[in-house]
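Quick note on labels: first sequence line is chain A, next is B, and so on, each numbered from 1.
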Amino acid sequence: MLEDIKTLRKAPREEYYVPGHRTCAGCGPALQYRLVAKAAGANTIFIGPTGCMYVANTSYGCGPWAVPWIHAQITNGGAVGSGIEAAYKALIRKHKTDAEFPNVIVMAGDGGSSDIGIQALSGAFYRGHNLLFICYDNESYANTGIQTSPTTPYGAWTTFTPAGPVSPEGKKLFPKDLPKIMSHGHPELKYLATASIAFPVDLMNKVRRGLNAQGPSFLYIHAPCPKGWSFPSEKTVSIAKLAVDTGMFQLYEMTEDRRFKVTYRPKELKPVEEYLKLQGRFKHLRPEHIEKLQNFAQRRMQEVGIEITLLSS
Amino acid sequence: MSFKEVPFAGTVPSPKRENEGMVTGNWRTKRPVLDKDKCTDCLICWISCPDACIDQSTTGLAFNLKYCKGCGICAEVCPSNAITNVPELDYAD
């Protein structure tokens with residue numbers, strides 16, 4: 001059983017995602033990987049489906065993990081995780097190993113979990129494997145040069161959805177809501193939560209609760225991408241914080257009776273414009289598009305039970 | 001070298017403290033500098049570093065300049081403005 005971390009000072013000092021990786025300066029996904037590895041500890045196996053956290057970490061035959069790590073194709077992160085979990089269970093049952101059952105963590109991007117990899121993810125959860133599936137959401141296919149993914153928000157510029165005379169808002173579709181896709185409809189699911197890199201202690205505790213759940217658990221982590229979202233590298237954590245404070249991203253957990261329990265309520269809701277204006281991918285938006293995004297944030301918050309109305313300025 | 005000595009399916013040993021195969025300190029254009037008088041030891045910069053480049057030592061926080069990419073998150077999140085970014089070219093090394 002992994003204990004809850006009460007304060008930042010009590011956080012483990014050991015690093016299992018060590019310095020020396022080719023991610024961009026100020027990478028949000030790299031920061032969440034470090035926090036997840038720190039919270040999970042030494043007895044962990046990472047499965048890395050294709051994505052930024054595979055491509056940028058495993059250059060030239062080396063990687064930054066101090067714990068075992070294996071690559072899976074972008075389609076089958078859940079399947080490889082299931083296999084490793086089942087093999088370990090069989091070895092322990094047949095007394096062929098005296099090793100303790102490890103924390104099996106699949107670290108998939110938003111493409112590897114909400115788009116290309118969703119069938120393997122759903123299959124693993126349907127069969128009830130004891131693993132933690134993490135989706136780090138940088139809202140695009142970032143390592144191939146910022147193509148749109150199903151979690152890219154409305155109005156964002158990507159190389160597949162450029163803003164121009166034909167579509168002035170860039171991306172026209174509203175994003176998939178992956179935690180809500182996963183939360184209902186997988187009867188074996190034991191734990192589900194969303195987390196943000198701006199709340200590191202909360203993130204590490206959610207990782208530990210997911211690993212303690214002894215069944216399929218899902219964690220959805222918001223991880224800003226300086227290159228894909230076009231903002232200076234030092235703003236990564238501030239933008240993640242602003243996403244929560246404007247309601248564009250909500251922090252919640254699923255309770256045992258399948259309700260959403262909000263774990264952080266912003267005291268005062270900021271307009272989404274404050275979040276959008278810091279990012280180059282939204283710089284073409286007109287007031288009518290921003291209003292659509294404001295309504296979108298409001299609707300998402302209502303769905304999980306955050307009842308804060310925006311003060312009209 | 002026979003085939004028996006080749007590692008199975010591209011396996012490589014895990015690094016323990018740092019990944020020597022990808023030294024990233026030479027990417028840096030700005031170097032973080034800590035003002036120890038202002039530092040309250042709140043550890044927010046330590047937890048916010050994507051590259052795990054801030055070490056907690058007995059004499060306070062120290063930057064691991066071999067790997068620090070100079071992203072500047074530490075200076076941005078510091079509540080007491082104890083960290084400043086100094087252009088890398090001001091240093092001889």
Side-chain angles (χ1 to χ4, degrees), chain A residues 5 7-35 37-38 42 46 56-71 197-201 203-204 223-224 226 232-241, chain B residues 6-32 40-58 61-79 81 83-85 88:
Chain A
I5 299 163
T7 60
L8 197 50
R9 208 159 285 281
K10 299 265 170 63
R13 285 192 180 193
E14 297 80 21
E15 304 288 351
Y16 298 100
Y17 181 73
V18 298
H21 38 84
R22 206 170 44 96
T23 58
C24 310
C27 177
L31 175 53
Q32 65 81 29
Y33 216 140
R34 177 184 165 223
L35 297 175
K38 195 183 260 307
F46 278 115
N57 281 327
T58 58
S59 352
Y60 314 119
C62 62
W65 300 276
V67 292
W69 174 91
I70 185 172
H71 172 227
I197 54 164
F199 299 84
V201 176
L203 188 153
M204 289 190 281
S233 62
E234 73 267 17
K235 296 274 182 210
T236 306
V237 175
S238 342
I239 283 190
K241 177 91 169 61
Chain B
V6 177
F8 173 71
T11 30
V12 292
S14 281
K16 288 285 169 279
R17 302 193 59 82
E18 54 184 301
N19 178 19
E20 293 265 7
M22 182 51 69
V23 177
T24 50
N26 53 1
W27 297 14
R28 193 171 54 246
T29 57
K30 283 178 189 162
R31 181 183 291 201
T40 57
D41 211 22
C42 67
L43 301 181
I44 293 177
C45 59
W46 169 73
I47 204 75
S48 302
C49 179
D51 294 276
C53 279
I54 302 177
D55 300 321
Q56 295 183 43
S57 65
T58 45
L61 299 172
F63 297 106
N64 180 352
L65 294 176
K66 186 176 173 188
Y67 291 97
C68 170
K69 294 170 186 163
C71 65
I73 290 180
C74 47
E76 175 80 12
V77 297
C78 180
N81 293 324
I83 302 173
T84 41
N85 286 320
E88 188 66 24

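- Taking chain A as the reference chain and counting heavy-atom pairs below 4.5 Å, the highest number among B/G21, B/G72, B/P15 is found for B/P15.
- Chosen from B/P13, B/S14, B/C53, B/G25, the residue pairing most often with chain A at heavy-atom distances under 4.5 Å is B/S14.
- Across A/P64, A/G28, A/A30, the residue that shares the most heavy-atom pairs under 4.5 angstrom with chain B is A/P64.
- There is no contact between A/V201 and chain B, counting heavy-atom distances below 4.5 Å.
- Sorted by first and then second residue, the salt bridge (Lys or Arg N to Asp or Glu O under 4.0 Å) pairs with a member in residues 59-70 of chain A form an empty list; sequence neighbours excluded.
- Using a 4.5 Å cut-off between heavy atoms, B/C42 contacts chain A through its backbone alone, with no side-chain atom that close.
- From B/T11, atom OG1 reaches atom CH2 of A/W69 across 12.0 Å, with rounding to the nearest 0.5 Å.
- Note on A/V237, A/I197, A/I70, A/T23: by heavy-atom pairs under 4.5 Å with chain B, the leading option is A/T23.
- For the pair B/C71 and A/G26, the tightest heavy-atom approach, listed with the atom from each and the gap, is CB-N, 3.1 Å.
- Rounded to the nearest 0.5 angstrom, A/R22 CZ and B/T24 OG1 are separated by 11.5 Å.
- Both the backbone and the side chain of B/S48 come within less than 4.5 Å of a heavy atom of chain A.
- Looking at B/N85 and A/E234, their side chains never come closer than 4.5 Å, going by heavy atoms from C-beta outward.
- Using a 4.5 Å cut-off between heavy atoms, A/K241 makes no contact with chain B at all.
- Interface remark: A/L35 contributes side-chain atoms only to the contact with chain B (heavy atom separation under 4.5 Å).
- The most heavy-atom pairs under 4.5 Å with chain B, out of A/A11, A/C27, A/G63, A/P200, come from A/G63.
- For the pair B/E18 and A/E15, the minimum side-chain heavy-atom distance is 4.5 Å or more.
- In this structure, A/R34 is positioned above the aromatic face of B/W46, its NZ or CZ under 6.0 Å from the six-membered ring centre and within 45° of the axis.
- Within the 4.5 angstrom heavy-atom criterion, atoms from both the backbone and the side chain of A/Y17 approach chain B.
- Distance OG/A/S233 to NZ/B/K69: 10.5 Å, rounded to 0.5 Å.
- Heavy-atom distances place the side chain of B/N64, and not its backbone, under 4.5 Å from chain A.
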Open item on the list: A/K38 vs B/I47, test: side chain to side chain contact (heavy atoms under 4.5 Å, CB included). Steps then yes/no.
Closed with: CA-CA 10 Å; A/K38 195 183 260 307; B/I47 204 75; 4.3 Å; yes
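- For the residue pair B/W27 and A/C24, the shortest heavy atom distance occurs at CZ3-CA, 4.3 Å.
- Using a 4.5 Å cut-off on side-chain heavy atoms (C-beta onward), A/R9 and B/L43 make contact.
- When the salt bridge (Lys or Arg N to Asp or Glu O under 4.0 Å) test is applied to B/R28, the partners found at least two apart in sequence or on another chain are B/E88.
- Of the atoms belonging to B/V23, not a single heavy atom falls under 4.5 Å from chain A.
- Comparing B/K66, B/K16, B/Q56, B/K30 by how many heavy-atom pairs each has under 4.5 Å with chain A, the most go to B/Q56.
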